[in-house]
K.L.:
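Before we start, here is the structure in question, set down as structure tokens.
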Amino acid sequence: MNGWIHPALFFFAGAILLPFVKDKGRAIVVLGMPALAFLSLLVFPQGTYGQISLMDMSLTFGRVDRLSLVFGYIFTLIAFIGMIYSLHVKKIAEPIAAFIYAGSAMGAIFAGDLVTLFLFWEAMAFSSTVIVLMGGNGAAGLRYLLIPIFGGVCLLAGIVIHLSAGNDPAIFGSARS
């Protein structure tokens, strides 16, 4: 990855660490991971990072340009504010799902191709549904589930149409300054 640490990794690491920490350690993880993600956005230059080949496609997990950085800053700040709220939440599953949601959102922001975008989009859909379900109203959670499923099906249909026309999944091109 050329030394670039994807900001989503901090959120995913937070989701993994949360079940193992208590009290002050939880506060450090909950507030520290969004702060580290924000700092990672500040120090790395624009460019393309984290490219892998899969089934004759090049997947790009990090396409950093000025626009993606602006949205990355906004999302990490919102995640930090949301995590402040989560400090009083007793159920550990809610902040874990929130970390997965924030990490998936960061992945979608920096996706450099349609396949990567779709993967992170679906992770966002799943984790946001878990957050709603944890609110205690199962019927509302199941109704909510229909929205991200519909969005994911529409996104997938668009990707399939785009790819079946012989287009490249990396529609974003190279990173611009």
Side-chain angles (χ1 to χ4, degrees), residues 1-52 59-113 116-138 140-142 144-145 147-148 151-152 175:
M1 274 203 193
N2 300 337
W4 185 67
I5 300 174
H6 200 298
L9 294 177
F10 292 105
F11 292 106
F12 294 142
I16 292 168
L17 289 174
L18 270 180
F20 302 106
V21 296
K22 302 288 184 220
D23 302 326
K24 289 183 182 181
R26 180 177 175 190
I28 291 170
V29 170
V30 162
L31 299 177
M33 292 304 170
L36 289 173
F38 188 83
L39 290 174
S40 76
L41 294 174
L42 292 175
V43 298
F44 287 106
Q46 297 177 30
T48 303
Y49 305 94
Q51 292 181 310
I52 62 169
L59 302 180
T60 304
F61 288 90
R63 183 183 172 275
V64 182
D65 60 13
R66 289 185 299 190
L67 182 61
S68 62
L69 283 173
V70 168
F71 280 97
Y73 298 144
I74 293 168
F75 275 39
T76 54
L77 289 173
I78 291 170
F80 184 81
I81 293 167
M83 288 298 142
I84 290 171
Y85 170 78
S86 78
L87 288 173
H88 85 281
V89 175
K90 301 294 183 223
K91 296 178 187 175
I92 193 72
E94 288 180 57
I96 290 172
F99 266 140
I100 294 170
Y101 179 83
S104 300
M106 296 301 286
I109 289 170
F110 294 106
D113 60 90
T116 306
L117 173 65
F118 181 74
L119 293 174
F120 284 115
W121 180 277
E122 288 302 309
M124 282 174 43
F126 173 74
S127 57
S128 65
T129 302
V130 169
I131 293 168
V132 172
L133 286 170
M134 293 301 299
N137 188 339
L142 292 177
Y144 174 80
L145 180 61
I147 296 167

K.L.:
Can you name the closest pair of heavy atoms from Ala102 and Phe11 and give their distance?
P.N.:
CB-CD2, 3.6 Å
K.L.:
Supply the atom-to-atom distance Ile109 CD1 to Leu67 CG, rounded to the nearest 0.5 angstrom.
P.N.:
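Output value for this atom pair is 9.5 Å.
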K.L.:
Looking only at heavy atoms, what is the nearest atom pair of Ala97 and Ile131, with distance?
P.N.:
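In terms of heavy atoms, the two residues are closest at CB-CG1, 3.6 Å.
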K.L.:
Could you tell me the separation between the CG atom of Leu133 and the CG atom of Leu142, rounded to the nearest 0.5 Å?
P.N.:
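Answer rounded to 0.5 Å: 6.0 Å.
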K.L.:
Tell me the closest heavy-atom pair linking Ala125 and Ser128, and the distance in Å.
P.N.:
O-OG, 3.0 Å
K.L.:
Quick one: CD1 on Ile74 to CG on Leu77, what's the gap to the nearest 0.5 Å?
P.N.:
8.0 Å
K.L.:
May I have the step-by-step check of side-chain contact (heavy atoms from CB on, under 4.5 Å) for Ile52 and Phe61, ending in yes or no?
P.N.:
CA-CA 8 Å; Ile52 62 169; Phe61 288 90; 3.6 Å; yes
K.L.:
Please step through side-chain contact (heavy atoms from CB on, under 4.5 Å) for the pair Ile100 and Phe126, ending with a clear verdict.
P.N.:
CA-CA 9 Å; Ile100 294 170; Phe126 173 74; 5.8 Å; no
K.L.:
Rounded to the nearest 0.5 Å, what separates atom CD1 in Ile92 from atom CE in Met134?
P.N.:
10.0 Å
K.L.:
Assess the residue pair Ile16 and Phe99 against the criterion (side-chain contact (heavy atoms from CB on, under 4.5 Å)); give the C-alpha distance rounded to whole Å, side-chain angles, the decisive distance to 0.1 Å, and a yes or no.
P.N.:
CA-CA 9 Å; Ile16 292 168; Phe99 266 140; over 6 Å; no
K.L.:
Taking all atoms of both residues into account, what is the closest heavy-atom pair of Gly107 and His6, and its distance?
P.N.:
CA-CE1, 3.8 Å
K.L.:
Roughly how far apart are Tyr49 OH and Phe110 CZ, rounded to 0.5 Å?
P.N.:
10.5 Å
K.L.:
If we ignore hydrogens and angles and just use 3.5 Å, is the side chain of Thr116 paired with the main-chain N or O of Gly112 as donor and acceptor?
P.N.:
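The answer is no, because no donor-acceptor pair under 3.5 Å joins these two groups.
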K.L.:
Calculate, to the nearest 0.5 Å, the distance between atoms CE and CZ belonging to Met106 and Phe12 respectively.
P.N.:
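The distance works out to 10.0 Å.
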K.L.:
Could you walk me through whether Thr76 and Leu41 pass side-chain contact (heavy atoms from CB on, under 4.5 Å), step by step?
P.N.:
CA-CA 9 Å; Thr76 54; Leu41 294 174; 4.0 Å; yes
K.L.:
Would you indicate whether the side-chain heavy atoms of Leu31 and Leu87 approach each other to under 4.5 Å?
P.N.:
yes
K.L.:
If every non-hydrogen atom of Arg63 is compared with every non-hydrogen atom of Ala111, which pair is closest and at what distance?
P.N.:
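So the minimum-distance heavy-atom pair works out to CB-O, 4.3 Å.
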K.L.:
List the atom of Ser86, the atom of Arg26, and the distance in Å for their closest heavy-atom pair.
P.N.:
O-NH2, 3.4 Å
